[in-house]
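The structure appears right after this line, and notes come after that.
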Amino acid sequence: MTDPKNPTGTAHHVDATGMRKGLTNYGDAGFSLFLRKAFIKGAGYTDAALDRPVIGVIDTGSGYNPCHGNMPQLLEAVNRGVMLAGGLPVKFPTISIGESFAQPTSMYLRNLMSMDTEEMIRAQPMDAVVLIGGCDKTVPAQLMGAASAGIPAIQLITGSMLTGSHRGETVGACTDCRRFWGKFRADEIDEDEITEVNNQLVASVGTCSVMGTASTMACIAEALGMTVTGGASPPAVTADRMRVAERTGAQAVELAKKRLGIDQILTAKAFENAMRVLLAIGGSTNGIVHLTAIAGRMGFEVDLDALDRMGRETPVLVDLKPSGQHYMEHFHAAGGMTTLLRELKPLLHLDALTVTGRTLGEEIDNAPPSFQQDVVRPRSNPIYPQGGIAVLHGNLAPGGAIIKQSAAKPELMEHEGRAVVFDNLADMAARIDADDLDVHAEDVLVLKNIGPKGAPGMPEAGYLPIPRKLARAGVKDMVRISDGRMSGTAFGTIVLHVMPESAMGGPLAHVQTGDRIRLSVSKREISLLVSDEELARRQQAHPVVVPTADRGYRKLFLQTVTQADKGVDFDFLAASKTVGRVPKA
Ligand code: FES
């Protein structure tokens, strides 16, 4: 594309486009462009191709990330869409994070991926960028990075995996992974059966097939207006997913031509729409952390108490595991996000702009008509009357904590019990299955040191296993409390994200086995029934040493990572100034 302000391409300025953008500093702009073109022509490009709008396409394929296993087909479809619309696609890699392959936890690497995404978008010439992600941390990392980079951007989701079948029962990762593992631990199924079901839980490439973190972030990306309409739900291996990819490529060219910046999409209204959707889908608790981090990149702080109030008037409508029954492929067959957004219409900001250049309301109105289906419920007949996530406060969590109430056991949501404390992951692993562990079904399991700095990286270990001897006796759920996260595919009466975390000296650090703890979800309370004086005495007797590291990424991580209420982002990556709070109280 010829830049009217720079027709010869010999000057480098902020309005430059295509290959003229962001020239490498050789001290001579004309030479920089000359050299750049010479090198890219080495790949066989013509001047006509290089004059088109340049669309960067982020390839996050990796042998360690089967959730992105359809990347070659997606790239081909995106390229087709870009070229049909008159652009030039240029593929480039960033790191990729596969949930179950990353040690100590994928969350430890999310911010690294966001930095890679941001800096490579910024460093290389492109007029718009297609972000291709799917597995849990990849979509948040890409949206965080793109939000900070600031150029026009569009998200393409890799799509969910297909469901499998085990002895006639539909199964899918990863709610059923946990369910079958629980049965195995309780001796309800044997070694042969657990091996057999292992072949069925992940029936194809793609992301987890329930409303886990990946599906949650896919829905959030669409609710934010960052995908084409219908971009959240098509499974990875379907023709629908490839058509979404082609449309995404074409739309990226339109974004580039209109210079529709990401700051026009990621507004306060968009974040409020996304929060509404997070609550209505019974979405992963990780969704709050990621949404907080993305909002932080745009200068918005998340008001957890306002989110809780929003939750009280937002029912869970999507009947997907772990809160409900179905899987993502069924959500897609039911019309996907359009069906949900239509049901939520009175609660949404319909004038929020999307990457299509139209508003969310216009997209809903332009979508095919609704039809009879049983996956997205009407507001008059919800799965759960309130939003999936409630925010708790109390002396155990002065900075707040959360619980996914829609996936909790109703009888345990008002509960007082004796604490059984594990100091860290190693302590839990060593003792939880011991026959002589002093634990009863009505006790409250407490795990310390799995917060952002504690483990580090806030691993998804908040879903403490039921102690083996209780599991064998038929116990399926207990109140469990930690400063960590849990997988969006998990379920149970589980209090998470306790702030401040124990590794920072929060009250959680000073809970002892035998203390009484009270949980009241109706009162939004999480209390340690120990006096302030006794807590202060324990703090003095056992001062906490905050973890540090000598070098490398771990040092950067431990020095700069924030708590869950700031999205577990690095403090220096958030926007330099706060422009508002979301949702509005
Ligand atoms: Fe990648 Fe679940 S492991 S989405």
Side-chain angles (χ1 to χ4, degrees), residues 166-167 169-191 193-194 196-198 200-201 208-212 282 284-285 316 319-327 383-384 388-390 392 401-422 428-429 431-435 437-447 450 460-482 484-496 517-522 526:
H166 174 64
R167 300 185 183 178
E169 182 188 354
T170 301
V171 293
C174 226
T175 305
D176 296 319
C177 310
R178 293 170 203 286
R179 193 164 56 82
F180 277 94
W181 191 250
K183 284 183 178 203
F184 178 61
R185 278 175 57 80
D187 289 339
E188 290 171 25
I189 63 173
D190 61 16
E191 194 92 35
E193 187 170 352
I194 196 74
E196 194 181 318
V197 75
N198 193 252
Q200 290 301 315
L201 289 163
C208 287
S209 53
V210 298
M211 191 51 81
S284 162
T285 46
V316 177
D319 191 4
L320 253 61
K321 292 187 178 206
S323 298
Q325 290 306 312
H326 297 287
Y327 296 84
I383 300 291
Y384 193 80
I389 296 166
L392 308 172
I402 60 165
I403 184 168
K404 187 169 180 180
Q405 51 180 342
S406 58
K409 194 172 173 190
E411 310 89 78
L412 285 176
M413 292 209 287
E414 307 295 319
H415 184 78
E416 185 186 315
R418 182 188 71 125
V420 174
V421 177
F422 300 97
M428 183 182 75
R431 293 196 293 127
I432 190 114
D433 286 341
D435 286 336
L437 179 69
D438 177 15
V439 66
H440 305 276
E442 58 282 2
D443 290 340
V444 174
L445 303 180
V446 175
L447 175 57
I450 59 164
E460 291 185 342
Y463 177 76
L464 283 74
I466 302 295
R468 195 191 293 268
K469 70 179 192 184
L470 296 181
R472 284 183 174 148
V475 176
K476 299 273 188 251
D477 194 9
M478 295 172 73
V479 175
R480 287 160 271 181
I481 300 174
S482 74
R485 298 176 300 114
M486 78 170 179
S487 162
T489 63
F491 48 91
T493 313
I494 299 176
V495 177
L496 302 156
I517 290 178
R518 185 167 62 226
L519 167 69
S520 170
V521 179
S522 66
I526 183 75

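Being a predicted model, the structure only gives us computed values, none of them experimental. What you see below is based on every heavy atom in this structure, not just the backbone, and it leaves out hydrogens, waters and symmetry mates.
- Of the inter-residue distances, the one linking Gln325 atom CD with Thr170 atom OG1 reads 11.0 Å to the nearest 0.5 angstrom.
- A 4.5 Å side-chain heavy-atom check between Arg418 and Asp438 finds at least one atom pair inside the cut-off.
- Lys404 contributes no side-chain N or O that, together with a main-chain N or O of Ile494, makes up a donor-acceptor pair within less than 3.5 Å.
- Within the 3.5 Å criterion, the main-chain N or O of Glu442 finds a donor-acceptor partner in the side chain of His415.
- To the nearest 0.5 Å, atoms CD1 (Ile189) and CZ (Arg179) are separated by 9.5 Å.
- Counting heavy atoms from C-beta outward, Leu519 and Ile403 have side chains that approach closer than 4.5 Å.
- Residues Lys321 and Phe491 have side chains not in contact (no heavy-atom distance under 4.5 Å, counting atoms from C-beta outward).
- Nearest approach of Ala471 to Ala186, heavy atoms of both residues: O-CB, 3.5 Å.
- For Glu196 and Arg167, the salt-bridge test passes: some basic side-chain N is under 4.0 Å from an acidic carboxylate O.
- Proximity of Arg485 to Ser284: side-chain heavy atoms (C-beta onward) are nowhere separated by under 4.5 Å.
- Contact record, Pro322 with Gly488: CG-O, 3.3 Å, taken as the closest heavy-atom pair.
- Atom OG1 of Thr175 sits about 11.0 Å away from atom CE of Met211, to the nearest 0.5 Å.
- Annotation for Ala419 and Val446: closest pair CB-CG2, 4.2 Å, computed over non-hydrogen atoms.
- Closest of all the heavy-atom pairs between Leu447 and Ala461 is CD2-O, 3.8 Å.
- Side-chain contact between Val420 and His440: absent, with no pair of heavy atoms (C-beta onward) separated by less than 4.5 Å.
- In this structure, Asp443 CG and Met478 CE are separated by 5.5 Å, a value rounded to the nearest 0.5 Å.
- Using a 4.5 Å heavy-atom cutoff, the side chains of Leu445 and Pro467 are in contact.
- Once rounded to the nearest 0.5 Å, the distance linking OG1 of Thr285 with CD of Glu460 reads 8.0 Å.
- Between Val210 and Tyr327, some side-chain heavy-atom pair lies under the 4.5 Å cut-off.
- Within the 4.5 Å cutoff, the side chain of Leu496 has heavy atoms near those of the Ser482 side chain.
- Within a 6.0 Å radius of CD in Glu191, no more than 12 heavy atoms belonging to other residues, nucleotides or ligands are found.
- Between Asp433 atom CG and Arg472 atom CZ the span is 8.0 Å, to the nearest 0.5 Å.
- For the pair Thr493 (side chain) and Lys409 (backbone), a donor-acceptor distance under 3.5 Å is present.
- A donor-acceptor pair under 3.5 Å links the side-chain atoms of Asp176 to the main chain of Gly172, judged by distance alone.
- When every heavy atom of Ala390 is checked against every heavy atom of Val521, the shortest pair comes out as CB-CG1, 4.3 Å.
- Residues Ala401 and Val495 approach most closely at CB-CG1, 3.9 Å, considering heavy atoms.
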